[in-house]
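FYI, the numbering just counts along the sequence from 1. Worth saying up front: this structure is predicted, and the values here are computed from it rather than measured.
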Amino acid sequence: MKNKKDFDILALGELLLRLSPPNNERLTRGETFQKQVGGAELNVVSGASLLGLRTGIISKLPSNDMGTFIKNRVRFCGVSDDYLVYDTSKDARLGVYYYENGAHPRKPSIVYDRMYTSMNKIDVSDFSEDLYASARCFHTSGITLALSPQARRTGIEMIKRFKEQGTIISFDVNFRGNLWSGEEAKACIEEILPYVDIFFCSEDTARLTFLKEGNLKDIMKSFTQDYPVSIVASTQRIVHSPKVHTFGSVVYDAKSDTYFEEDPYRDIDVVDRIGSGDAFISGALYGLLAHDFDCQKAMEYGDATSAVKNTIPGDLPSSDLTEINRIISAHKQTGRQSEMDR
Ligand SMILES: O=C(O)C(=O)C[C@H](O)[C@H](O)CO
């Protein structure tokens, strides 16, 4: 039996093998793949663990060498594998995605192979009841709910069971059009919103999937009026050119009816944007959980962790607290400087 609240964050999500041809090669041509690990929820908890939180991942892996490769990477990035379970069936499968980096004017290319994976079979009966009392915060995303009917049932049941134990529920819509339709996503997420405390939703998804209208701030607030959501965060990215982006966010705190925003990070030198939305969440959850639910900190840590992730290859963040604090201080300094220059 584990101690109560052993973890700051436990996240439920699929762990994927990412295979990318090196040196800007093409999926259709190259001969070698670089092996990396991804998965939205793992990206979140690995980033939060680098910042100092105690985190773990809940997932199902095939009981074979590829499952062991992923488990070793989970451990390497400081995330607990206590709640990884293994599929010993003959047809056990790991989800894979193939990713070709674009080089303007060639667009990046992505091919998913994640049907019938072991994660799609995950069930609450794979875990003992003590799971639900072991975390301060439970995080998952729309990707998990979209994977398969079984993953959806498990995700929804886990949200309810964690909530019953007084756990903070964090949810990222992370809409993937290749996994489900907007209508299906809306209906499913509206079912879990009554349990969600911290809600991450992009402006585009709020408009296209939840059919919200009006300005972003009103849209964010409306989620807290329709549901008992306490905090809503939305990221904003401007793509100036494929490799130069501006990134910022708005965080809304319903309790104080306050919006938190800062000067965005400009001229980000983008090396690999995959996982940068998840990196935002890792910083935001760190800001909230380590700083007594201070939404200003959530916004500052979220923006900085995401901005720097864009400059790093692979899905997983790799910045520790010292680096992020330095980036936040430098960013504030730049903001003060441009105010003085105005
Ligand atoms: O989980 C997925 O769908 C992926 O594509 C893996 C990536 O690490 C993730 O989505 C980035 O948000």
Side-chain angles (χ1 to χ4, degrees), residues 9 11-13 40-41 44 136-146 152 155-156 158-160 162-164 166-177 179-237 247-262 264 277-289 293-303 306:
I9 312 173
L12 169 71
E41 292 84 356
V44 170
R136 291 171 65 202
C137 174
F138 171 70
H139 175 80
T140 193
S141 81
I143 296 179
T144 301
L145 302 186
R152 182 176 310 176
I156 294 175
M158 281 196 178
I159 288 172
K160 292 180 179 171
F162 272 107
K163 185 75 179 183
E164 266 169 27
T167 312
I168 297 151
I169 307 296
S170 162
F171 185 81
D172 176 21
V173 177
N174 215 339
F175 180 72
R176 290 278 186 279
L179 291 177
W180 57 357
S181 68
E183 297 81 61
E184 214 186 335
K186 180 173 184 290
C188 175
I189 293 168
E190 283 175 350
E191 194 188 324
I192 57 114
L193 272 168
Y195 304 91
V196 172
D197 300 290
I198 307 169
F199 186 52
F200 296 91
C201 184
S202 72
E203 179 170 356
D204 279 355
T205 301
R207 292 185 194 282
L208 298 173
T209 305
F210 293 94
L211 311 176
K212 297 275 186 185
E213 290 176 352
N215 72 49
L216 175 63
K217 288 185 176 170
D218 291 339
I219 289 176
M220 292 172 74
K221 190 173 186 166
S222 74
F223 284 110
T224 69
Q225 290 164 331
D226 298 344
Y227 300 97
V229 171
S230 308
I231 294 167
V232 182
S234 194
T235 57
Q236 291 159 320
R237 177 188 294 271
F247 181 89
S249 68
V250 184
V251 177
Y252 174 66
D253 175 28
K255 198 161 148 218
S256 61
D257 189 22
T258 312
Y259 296 90
F260 296 83
E261 37 188 341
E262 64 179 344
D278 307 323
F280 171 81
I281 296 174
S282 64
L285 290 180
Y286 170 79
L288 293 171
L289 295 172
F293 294 90
D294 181 338
C295 289
Q296 172 76 23
K297 295 279 186 205
M299 182 263 303
E300 286 175 1
Y301 280 102
D303 287 354
S306 182

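- You'll find the side chain of Leu12 stays beyond 4.5 Å of the side chain of Ile159, heavy atoms only.
- To the nearest 0.5 Å, atom OG of residue Ser230 and atom CZ of residue Phe293 are 8.5 Å apart.
- Side-chain atoms of Tyr252 and Asp257 form a donor-acceptor pair, as typed in the model, at a separation below 3.5 Å.
- Taken from CD1 in Ile198 to SG in Cys137, the straight-line distance is 5.0 Å, to the nearest 0.5 Å.
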Table please: side-chain donor-acceptor pairs of residues 188-197 below 3.5 Å, with sequence neighbours left out.
from	atom 1	to	atom 2	distance (Å)
Glu190	OE2	Lys186	NZ	3.1
Asp197	OD1	Lys163	NZ	3.0
Asp197	OD2	Lys163	NZ	3.1
Asp197	OD2	Ile169	N	2.8

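- Taking NZ from Lys221 and CD1 from Ile219, the interatomic distance works out to 13.5 Å, rounded to the nearest 0.5 Å.
- Note that the CE atom of Met220 and the CG atom of Asn215 stand 10.5 Å from one another [nearest 0.5 Å].
- Minimum interatomic distance between Ile281 and Val44 (heavy atoms only, all atoms of both residues): CG2-CG1, 3.8 Å.
- Taking a 6.0 Å sphere around CD of Glu213, one finds it holds 12 or fewer heavy atoms contributed by other residues, nucleotides or ligands.
- Contact between Gly142 and Phe171 at its shortest, heavy atoms only, is N-CZ, 3.4 Å.
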Requested in this report: Output, in order, the C-alpha distance, side-chain angles, deciding distance and verdict of side-chain contact (heavy atoms from CB on, under 4.5 Å) for Phe280 and Phe247.
Outcome: CA-CA 10 Å; Phe280 171 81; Phe247 181 89; 4.1 Å; yes
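- The line from CZ of Arg207 to OG1 of Thr205 is 11.5 Å long, rounded to the nearest 0.5 Å.
- Two residues are said to be in side-chain contact when any heavy atoms from C-beta on lie closer than 4.5 Å; Met158 and Thr140 fail this criterion.
- Atom CD of Glu300 sits about 5.5 Å away from atom CD of Glu262, to the nearest 0.5 Å.
- In this model, no donor atom of one side chain and acceptor atom of the other lie less than 3.5 Å apart for Asp253 and Thr258.
- Considering every non-hydrogen atom in both Ala185 and Trp180, the closest pair reads CB-CE2, 3.4 Å.
- Remark: Lys212 is positioned above the aromatic ring of Phe223, its terminal NZ or CZ atom under 6.0 angstrom from the ring centre and at most 45 degrees off the axis.
- Taking all atoms of both residues into account, the shortest heavy-atom contact from Ser141 to Glu41 is OG-OE2, 2.6 Å.
- Side-chain contact between Val173 and Phe210 is present, with at least one heavy-atom pair separated by less than 4.5 Å.
- Counting heavy atoms from C-beta outward, Phe200 and Leu285 have side chains that approach closer than 4.5 Å.
- Smallest separation of non-hydrogen atoms from Thr209 and Gly182: CG2-O, 3.4 Å.
- Taking each heavy atom of Ser170 and His139 in turn, the nearest pair found is OG-ND1, 2.7 Å.
- Classified by interplanar angle (parallel below 30°, tilted 30° to 60°, perpendicular above 60°), the ring pair Tyr301/Tyr286 is perpendicular.
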